[in-house]
2 protein chains.
Amino acid sequence: MIVSKICLPLPCIMARNVEFDEQLAISKAMDVFWKKGYNGTTMRDLTEAMGINSSSLYNTIGDKHQLFVKSIKHYTESRMDAAKKQLQQITSPLKAIEKYINASVYTITNEPNSCLAIKTTFEVATGDAEVQKIIRADSEFTYQLLIGLVNKAIEKKEIKVSQDAEMLTDYIINHFTGWHESFIIHRDKTRIKKTAQFLIEQLSQ
Amino acid sequence: MIVSKICLPLPCIMARNVEFDEQLAISKAMDVFWKKGYNGTTMRDLTEAMGINSSSLYNTIGDKHQLFVKSIKHYTESRMDAAKKQLQQITSPLKAIEKYINASVYTITNEPNSCLAIKTTFEVATGDAEVQKIIRADSEFTYQLLIGLVNKAIEKKEIKVSQDAEMLTDYIINHFTGWHESFIIHRDKTRIKKTAQFLIEQLSQ
DNA sequence: CCTTTTTTGAAACAAACGTTTTATAATTAT
DNA sequence: ATAATTATAAAACGTTTGTTTCAAAAAAGG
């Protein structure tokens with residue numbers, strides 16, 4: 001055992017391969033954390049949903065906290081990929097911002113659970129540096145994506161409301177969390193769509 | 001015991017009074033839930049902070065969930081009282097809206113914990129009808145408070161940006177949650193103050 | 001004072017928690 | 001085939017969980 005630890009990262013002699021698909025298992029775990037939150041999820045919830053034994057879990061992925069970290073990484077990375085693909089073929093920067101806003105509204109008002117990143121921010125990010133780092137990276141990605149579009153939109157004079165691209169980017173992003181909260185409380189798509197429409201009008205004027 | 005339950009609400013014969021101040025104890029419990037969340041808080045956390053034994057707790061207030069319900073009620077009711085007092089002597093409705101926004105920004109960027117109502121919304125409101133009802137009542141209070149001001153501001157032509165008071169009220173309220181999230185992630189007061197200033201300018205224009 | 005009723009503190013409760021151990025099955029290299 | 005190594009499943013680990021019990025203390029009415 002000691003020998004195999006020293007000659008990492010690959011074990012010297014292979015004996016048996018892991019049976020389950022780790023990425024798939026993490027994706028299943030993510031769904032549980034998404035629904036129940038970190039503290040509301042038990043290891044038995046996780047192993048049951050993942051379809052693996054706890055010994056296999058601890059041998060490959062690690063403990064509950066490591067699994068949570070990998071789950072929210074999986075969540076944020078999937079979302080970043082989707083966002084990149086979504087906007088790559090739009091020529092007008094303002095139209096791209098509109099599309100991003102409308103796509104967010106659609107997700108907010110049609111997904112069964114609220115955003116995992118936001119739930120995590122309010123539940124554990126304050127007291128968990130490792131989690132906070134992932135959340136911050138996810139936030140920074142959205143910020144960079146949008147500020148690129150905002151800058152181009154200002155250059156092209158598609159936005160006249162303000163010249164402060166950084167503030168305007170913060171201002172746009174700021175709406176998403178409120179829409180999530182509103183939908184949890186009221187379950188009213190129209191209220192959210194109306195304020196989103198107003199935000200877009202404000203930018204376009 | 002059956003007899004004393006029948007002749008409720010007051011017991012027929014008093015024997016000994018509760019030693020601790022129930023409102024104070026609930027306030028202490030609220031602080032723990034505020035910091036750790038519902039699932040992150042244990043009964044031992046609570047009894048320790050409240051300075052009472054669990055038997056006394058169960059005899060007077062009830063179980064963990066009932067204590068949580070009373071804690072968030074205490075939170076929301078305190079906040080409603082403060083909001084009412086804050087705005088009662090302002091003549092200009094737009095100035096009152098500005099004051100409400102600025103007071104919220106101050107709280108967001110100076111309190112050690114993020115808003116308990118928002119944390120609760122994202123942690124447990126979806127799956128807990130009793131909690132959701134309290135959260136919805138709190139939300140409705142803020143909504144009614146602000147829509148009154150927005151309507152007056154539109155009447156007085158202090159707001160020209162839109163005639164749709166309901167949408168505009170949702171739009172204003174929607175910012176608060178995002179500011180909370182932003183402050184958890186970035187701890188940057190200036191970013192929040194700038195977007196708040198921009199929101200006020202948008203309304204005032 | 002004495003009886004009655006209730007609160008209190010400490011201990012105890014079963015169940016559930018996150019995690020580890022152990023024995024067995026499976027796989028690869030020799 | 002055999003030896004070596006690892007993944008797996010089931011059971012067990014010691015703690016901690018939310019909650020209850022129980023004896024003792026306290027206070028009210030008779």
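Nothing here was measured: the structure is a model prediction, and the numbers come from that model. The sequence lines fix the lettering, A, B, ..., with proteins before strands; numbering per chain opens at 1.
For the salt bridge (Lys or Arg N to Asp or Glu O under 4.0 Å) test, no residue two or more places apart in sequence or in another chain qualifies with Asp164(B). Checked against side-chain contact (heavy atoms from CB on, under 4.5 Å), Lys133(B) has no partners two or more places apart in sequence or in another chain. Applying the side-chain contact (heavy atoms from CB on, under 4.5 Å) test to Ala29(A) and every residue at least two apart in sequence or in another chain returns Leu46(A), Met50(A), Leu67(A), Ser71(A). Asp31(B) is linked by a salt bridge (Lys or Arg N to Asp or Glu O under 4.0 Å) to nothing, counting only residues two or more places apart in sequence or in another chain. Lys28(A) pairs by the salt bridge (Lys or Arg N to Asp or Glu O under 4.0 Å) definition with nothing, not counting sequence neighbours. Among residues two or more places apart in sequence or in another chain, the side-chain contact (heavy atoms from CB on, under 4.5 Å) test is passed with Gln86(A) by Lys99(A), Tyr100(A), Ala103(A). Residues meeting the side-chain contact (heavy atoms from CB on, under 4.5 Å) test with Ser114(B), sequence neighbours left out: Phe122(A), Lys119(B), His180(B), Ile184(B).
As judged by a 4.0 angstrom heavy-atom cut-off over every strand, Thr60(B) is placed among residues making no nucleic acid contact.
A heavy atom closer than 4.0 Å to some atom of DNA chain D occurs in Asp63(B), Lys64(B), these being the qualifying members of residues 62-74 of chain B. Less than 4.0 Å separates DNA chain D from at least one heavy atom of each of the following residues of residues 27-42 of chain B: Thr41(B), Thr42(B).
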Got a list of side-chain donor-acceptor pairs under 3.5 Å for residues 138-148 of chain B, not counting sequence neighbours?
| unit_1 | atom_1 | unit_2 | atom_2 | d |
| --- | --- | --- | --- | --- |
| Asp138(B) | OD1 | Arg79(B) | NH2 | 3.4 |
| Asp138(B) | OD2 | Arg79(B) | NH2 | 2.4 |
| Glu140(B) | OE2 | Gln144(B) | NE2 | 2.7 |
| Thr142(B) | OG1 | Asp138(B) | O | 3.3 |

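Closest to the Ser54(A) side chain, of the nucleotides dT8(C), dT20(C), dT19(D), is dT20(C).
The shortest distance between side-chain heavy atoms of Asp21(B) and Gln23(B) falls below 4.5 Å.
Side-chain atoms of Ser55(A) and base atoms of dT19(C) include no donor and acceptor less than 3.5 Å apart. Not a single donor-acceptor pair, N or O on each side, falls under 3.5 Å between the base of dA7(D) and the side chain of Asn53(A).
Ion pairing between Asp170(B) and Lys194(A) fails under the 4.0 Å rule for side-chain N and carboxylate O.
Every pair passing ring-ring contact (aromatic ring centres under 6.0 Å, His included) that includes a residue from residues 56-87 of chain A is listed here, sequence neighbours excluded: Phe33(A)-Phe68(A), Trp34(A)-Tyr75(A), Tyr38(A)-Phe68(A).
For the pair Tyr58(A) OH and dT19(C) P, the computed distance is 3 Å after rounding to whole Å. Nucleotide dT21(D) holds its C1' atom 11 Å from the CG atom of Asn59(B), rounded to whole Å. In this structure, Met43(B) atom CE and dA12(C) atom C1' are separated by 16 Å, rounded to whole Å. With rounding to whole Å, Ile61(B) atom CD1 is found 13 Å from dT19(D) atom P. Remark: C1' of dT7(C) and CG of Asp21(B) are 16 Å apart, rounded to the nearest angstrom. Rounded to a whole Å, the CD1 atom of Ile52(B) is 15 Å from the C1' atom of dT6(C). Rounded to whole angstrom, the span from the CD atom of Glu48(A) across to the P atom of dA9(D) amounts to 14 Å. Distance, Glu22(B) CD to dT8(C) P: 11 Å, rounded to whole Å.
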List every contact pair, protein side and nucleotides 12-15 of chain D side both N or O, where the distance is under 3.5 Å.
none

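Annotation: the span from Ile52(B) atom CD1 to Leu57(B) atom CG amounts to 4.0 Å, rounded to 0.5 Å.
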